[in-house]
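The structure appears below as structure tokens.
For clarity, every value in this text was computed on a predicted model and none was experimentally measured. Letters A, B, ... mirror the listed sequences (proteins, then strands); counts begin at 1.
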Amino acid sequence: MCRNEWEILRYTTEKGVILLSRKSGDNILKFDYFGEYTSNTAKKELLNRLGINVEIKKVYSNINTDIFIDNAIKNYYGMRITKNEPWETTLCFIISQFNNIKRIRLIMKNLLERYGEPYYIDGKKVMLFPSAERISKATIPELMSCGTGFRAKYIKSVSNEIKNGFSFDHINRLDYDEAKNELLKLDGVGDKVADCILLFGYGHLQSFPIDVWVKRIIEKVYMKNKKKSIQQIHDFANNRWGNLAGYAQQYLYWYGRTALRLEETTQTV
DNA sequence: TTCCAGGGCCGCG
DNA sequence: CGCGGCCATGGA
């Protein structure tokens, strides 16, 4: 609403805090770092978080299996998978269920402003995303007043689990399958949300989240327009794109959504 | 007004 | 197990 509004990415690690900011409409990024970070270590962390250090051409040569995904790559050339905080990612994708992207952003913003921890930079206040501890103190009606709707009970339940010892750090030490099984124990986390957490929160690039769009795209483009189960689609993606299936998923999702809407896709593979 | 949005849970057969 | 109904909310 305000033209001078800053878009800020917040990274909170055990070493400190890194903020990456951009004035809306501006192409220039700036970053600030606090705690134990130096200019170099902060920059390194950012390159990792933003996925800039992956060799994207190698990724393309691995996932470019057919004409459809080749078009997807051409249309979204350079797009990376970024890595964010597991807890924040979990909340974000619990909220994403049966919801739209605009409202997901709004709800996350409401939670940030209402429960976030203030952090001061040169006297200027920046809100850091609230910990599970802080969220767990909110009541369900309070969470609902942020627009979370029927997902409030999941948020409450998951934040309590974390307060009672569920460890996101522990999941870091597990392989993909083990980690997914752990995440599936959380209330409100099913197959798709678990895969999103693993892909965007932990950097498991083999993870292949199957939402309604990806399902439609796979069925239409790769399965001769026949309905398939979630498990069949997982098997297909794993066989075809292996440990980079997550990258394939992102290009299929962003390109396929518009392609299917515009019905440019009589093209099958 | 009605419909839909990056699912998951629950109760059925 | 596989399936369908249900769920809060607000923008189009």
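Checked options D195(A), N181(A), N243(A); the residue passing with Y176(A) is D195(A) (criterion: side-chain hydrogen bond (donor to acceptor under 3.5 Å, both in side chains)). With L46(A) as the partner, the side-chain contact (heavy atoms from CB on, under 4.5 Å) test is satisfied by one option alone out of L20(A), T41(A), L29(A), N53(A): L20(A).
Within the 4.5 Å cutoff, side-chain heavy atoms of I171(A) are placed close to those of E182(A).
Hydrophobic cluster membership is shared by F200(A) and W213(A), with clusters built from Ile, Leu, Val, Met, Phe, Trp and Tyr side chains linked at under 4.5 angstrom.
Heavy-atom nearest nucleotides on DNA chain C were determined for K153(A) and for S229(A), and the one closer to the 5' end corresponds to S229(A).
Spacing of P atoms, dG11(B) relative to dA8(C), comes out at 15 Å, to the nearest Å. Atom P of dG6(B) sits at a distance of 23 Å from the matching atom of dC3(C), rounded to the whole Å.
Although no hydrogens or angles enter the test, the distance criterion places a donor-acceptor pair under 3.5 Å between the side chain of Y60(A) and the main chain of G78(A). Between the N62(A) side chain and the K58(A) main chain, a donor and an acceptor come within less than 3.5 Å of each other.
Going from atom CD of Q232(A) over to atom C1' of dG2(C) covers 12 Å, rounded to whole Å. Between K109(A) atom NZ and dG10(C) atom C1' the separation is 16 Å, expressed in whole Å. Going from atom CD1 of I107(A) over to atom P of dG11(C) covers 11 Å, rounded to whole Å. Atoms CZ (R105(A)) and P (dG11(C)) sit 15 Å apart, rounded to a whole Å. Taking atom CG of L111(A) as the reference point, atom C1' of dT9(C) lies 14 Å away to the nearest angstrom.
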Does the protein touch nucleotides 6-13 of chain B at the base, only the backbone, or not at all? Give it as B, S and - per nucleotide, heavy atoms under 4.0 Å. BBSS----
